[in-house]
Amino acid sequence: MRRVLLGLLAGAIAGIGLRLTWRPFMPARCAYSENLDCTFTMIPTLPWFLLGWMAVAGVVLHRTQRESPDVRDTIKIGSALWALLTVLAWLAEVLPTVEIVLPVVAYAVAGSVTGRVRPDERSET
């Protein structure tokens with residue numbers, strides 16, 4: 001449960017950071033639509049901003065889960081899932097409306113599928 005919550009936190013920081021830093025580089029008409037002009041601006045800029053905010057999310061996860069040997073797996077899976085979801089959202093032309101939610105979902109899912117259950121984390125039921 002702790003890994004999922006930390007994934008939510010790291011994803012929220014990365015998603016909000018991406019929105020606040022990347023969107024100013026996009027023309028105003030691209031805020032809620034995906035047209036050809038927006039694509040030519042998006043393709044060279046988005047990957048760099050994604051990589052930067054993936055690094056920030058990785059640092060947040062690494063600093064908050066130092067004792068966990070599986071934190072690198074969480075970072076790798078979350079970053080790959082975020083990239084995949086971003087490409088799918090772009091292809092579906094819904095990226096402007098879901099760009100903040102994608103890293104939150106990606107890192108929360110990554111936190112839920114990685115790691116071993118330790119004796120102190122097992123449910124008593």
Side-chain angles (χ1 to χ4, degrees):
M1 185 65 172
R2 180 173 182 253
R3 287 187 295 268
V4 174
L5 292 176
L6 291 172
L8 287 170
L9 174 68
I13 291 170
I16 293 168
L18 177 69
R19 176 72 175 197
L20 293 176
T21 57
W22 175 59
R23 277 294 162 182
F25 286 92
M26 299 298 291
R29 66 182 176 280
C30 297
Y32 297 103
S33 69
E34 301 285 334
N35 59 29
L36 192 58
D37 294 340
C38 298
T39 301
F40 285 124
T41 306
M42 186 182 309
I43 289 175
T45 60
L46 182 59
W48 296 108
F49 281 95
L50 274 176
L51 287 173
W53 285 104
M54 283 177 186
V56 170
V59 168
V60 169
L61 288 171
H62 192 272
R63 297 297 251 169
T64 57
Q65 298 182 35
R66 284 185 220 169
E67 72 282 350
S68 176
D70 305 314
V71 69
R72 289 187 179 174
D73 293 335
T74 305
I75 295 167
K76 290 175 192 175
I77 292 171
S79 296
L81 186 58
W82 184 14
L84 176 66
L85 290 174
T86 300
V87 169
L88 293 175
W90 178 62
L91 291 173
E93 297 181 357
V94 295
L95 183 61
T97 57
V98 297
E99 67 188 339
I100 294 176
V101 177
L102 297 178
V104 174
V105 170
Y107 287 106
V109 168
S112 70
V113 299
T114 58
R116 294 181 219 116
V117 176
R118 291 171 182 78
D120 59 334
E121 291 180 353
R122 286 197 180 133
S123 174
E124 297 296 325
T125 58

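Bear in mind that the values here come from a model prediction, so they are computed numbers and not experimental data.
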Sub-4.5 Å side-chain heavy-atom contact between Thr86 and Trp90: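 When only atoms from C-beta onward are counted, Trp90 and Thr86 do not touch, as no gap falls below 4.5 Å.
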Check: Leu102 and Leu95 side chains under 4.5 Å, non-hydrogen atoms: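 SC-SC contact between Leu95 and Leu102 confirmed.
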Leu18 and Trp82: CA distance, side-chain angles, deciding distance, side chain to side chain contact (heavy atoms under 4.5 Å, CB included) verdict: CA-CA 12 Å; Leu18 177 69; Trp82 184 14; 3.9 Å; yes
Donor-acceptor contact present, side-chain Arg19 to main-chain Glu99, <3.5 Å: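 Checking the backbone N and O of Glu99 against the side chain of Arg19, no donor-acceptor pair under 3.5 Å is found.
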Ser79 side chain vs Lys76 backbone, donor-acceptor pair below 3.5 Å: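 Answer holds: no.
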hydrophobic_cluster_shared for Phe49 and Val101, side chain cutoff 4.5 Å: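 Per the 4.5 Å side-chain linkage, Val101 and Phe49 are co-clustered.
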Common cluster, Leu46/Ile16, ILVMFWY with side-chain heavy-atom separation under 4.5 Å: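 No; Ile16 is not reachable from Leu46 via cluster members.
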Atom pair OG1/CD1 of Thr114 and Ile75 - distance to nearest 0.5 Å: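 One gets 9.5 Å once the value is rounded to the nearest 0.5 Å.
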I need the minimum non-hydrogen distance between [X] and [Y], along with the two atoms involved.
X: Gly78; Y: Ala106; answer: O-CB, 3.5 Å
X: Ala108; Y: Leu8; answer: CB-CD2, 3.6 Å
X: Thr74; Y: Ala110; answer: O-CB, 3.4 Å
X: Ala89; Y: Val98; answer: CB-CG2, 3.9 Å

side-chain hydrogen bond (donor to acceptor under 3.5 Å, both in side chains) contacts in which one or both residues fall within residues 42-62, not counting sequence neighbours: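 Qualifying pairs: Thr21-Trp53, Trp22-Thr45.
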Ile13 and its side chain to side chain contact (heavy atoms under 4.5 Å, CB included) partner, picked from Val59, Val56, Val104: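 With Ile13 as partner, Val59, Val56, Val104 yield a single side chain to side chain contact (heavy atoms under 4.5 Å, CB included), made by Val56.
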